[in-house]
Amino acid sequence: LFAVPSHRTRSVLHQLAPYISEPIPFVCATKGIEETTAKLMTQVMEDELSPAMHRFLMVLSGPSFASEFSIGKPAALCLAGSDEQLVRQFQNALMTPVFRVYADTDVIGVQLGGASLPRHPAALDDGVAVGELHQALDVLVDHQDGLARAAQALEDDAEWLERQCA
């Protein structure tokens, strides 16, 4: 599990890459966009890690609150990668009754906002208070179309985000 601040991701990966002698599953929990290049974290990983690693790259994202999860409230995240079988293996390994992990192959969409989460995944467990996660999922679902358009624009045009922030 790789979780470093986004502004340090490239330098940490650059230092780590020589020590990865063969492809290994790599789950990135780092959120954000690299400031200097406007690249998503998976794009930075692909820049810095061997091409043999690319099919093993996954991202874990979504609206979750550590403070709620630590007291037993549910968390719902999405795990995405290009290798669906590998993603499902990690989904099964990470899933608990209060830690829901949803599998997807939409790596860009998940990085832009965990866009593949169902409306109320945390509510699957009866009797567990969902807290602010419920509200966050509602906001996410309400903006799903916009996130999908942003993901498509990023796939089609790498400079799209830069123009949007200008």
Side-chain angles (χ1 to χ4, degrees), residues 1-70 73 75-83 86-87 90-91 93-94 99-117 131-133 135-166:
L1 180 63
F2 182 80
V4 300
S6 60
H7 67 278
R8 299 291 304 158
T9 295
R10 186 175 294 276
S11 64
V12 171
L13 287 170
H14 186 77
Q15 293 172 39
L16 183 64
Y19 299 100
I20 302 175
S21 58
E22 59 187 61
I24 57 169
F26 202 90
V27 178
C28 180
T30 300
K31 293 176 174 53
I33 296 172
E34 188 176 46
E35 287 183 30
T36 58
T37 65
K39 288 187 176 186
L40 297 171
M41 293 300 105
T42 52
Q43 294 167 321
V44 174
M45 291 188 298
E46 288 173 348
D47 286 352
E48 295 297 329
L49 299 174
S50 159
M53 282 287 296
H54 294 185
R55 80 172 199 90
F56 294 93
L57 301 177
M58 294 173 276
V59 293
L60 185 64
S61 186
S64 62
F65 301 101
S67 60
E68 289 188 359
F69 183 66
S70 69
K73 291 184 179 178
L77 299 174
C78 192
L79 179 67
S82 62
D83 184 327
L86 182 63
V87 171
F90 273 75
Q91 174 194 29
L94 294 170
F99 189 68
R100 294 289 196 208
V101 179
Y102 294 88
D104 204 319
T105 56
D106 182 6
V107 175
I108 291 175
V110 168
Q111 288 175 95
L112 289 175
S116 299
L117 292 172
E132 292 179 20
L133 175 62
Q135 295 170 2
L137 287 172
D138 279 343
V139 169
L140 184 66
V141 170
D142 289 344
H143 293 91
Q144 208 163 17
D145 288 340
L147 289 170
R149 285 192 304 275
Q152 185 60 49
L154 278 173
E155 280 185 7
D156 292 343
D157 182 354
E159 294 173 357
W160 175 86
L161 183 65
E162 195 172 317
R163 288 193 308 275
Q164 300 308 307
C165 296

Colleague: State, without any angle test, whether Glu46 and His54 hold a side-chain donor-acceptor pair at a distance under 3.5 Å.
Modeller: no
Colleague: Indicate yes or no: at least one non-hydrogen side-chain atom of Arg10 is less than 4.5 angstrom from one of Thr36.
Modeller: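 No; the side chains remain at least 4.5 Å from each other.
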Colleague: When rounded to the nearest 0.5 angstrom, what distance separates CG in Leu1 from CG in Leu60?
Modeller: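 Those atoms lie 7.0 Å apart.
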Colleague: Using a 4.5 Å cut-off on heavy atoms from C-beta on, say whether the side chain of Val12 contacts that of Gln15.
Modeller: no
Colleague: Tell me whether Gln91 contacts the main-chain N or O of Val101 through its side chain, where contact means a donor paired with an acceptor under 3.5 Å.
Modeller: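 Indeed, once roles are kept as given, a pair shorter than 3.5 Å links the two residues.
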Colleague: Looking at CE of Met45 and NZ of Lys39, how far apart are the two atoms once the value is rounded to the nearest 0.5 Å?
Modeller: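 One finds 12.5 Å between CE of Met45 and NZ of Lys39.
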Colleague: Shortest non-hydrogen contact from Thr30 to Ala3?
Modeller: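 So the minimum-distance heavy-atom pair works out to OG1-CA, 3.6 Å.
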Colleague: Closest heavy-atom contact between Cys78 and Val110?
Modeller: SG-CG2, 3.6 Å
Colleague: Is Ile20 close to Phe56 at the side-chain level, that is, under 4.5 Å between some pair of heavy atoms?
Modeller: no
Colleague: Measure the OH-CG distance between Tyr102 and Leu77 for me, rounded to the nearest 0.5 Å.
Modeller: 10.0 Å
Colleague: Of the non-hydrogen atoms in Leu40 and Gln43, which two are nearest, and what is the gap between them?
Modeller: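 Shortest heavy-atom separation between Leu40 and Gln43 comes out as N-OE1, 2.6 Å.
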Colleague: Show the nearest heavy-atom pair for residues Leu86 and Arg55, with the distance to one decimal.
Modeller: CD2-O, 4.2 Å
Colleague: Verify, without hydrogens or angle tests, whether Gln111 (side chain) and Met41 (backbone) share a donor-acceptor contact under 3.5 angstrom.
Modeller: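 Yes: the side chain of Gln111 pairs with the backbone of Met41.
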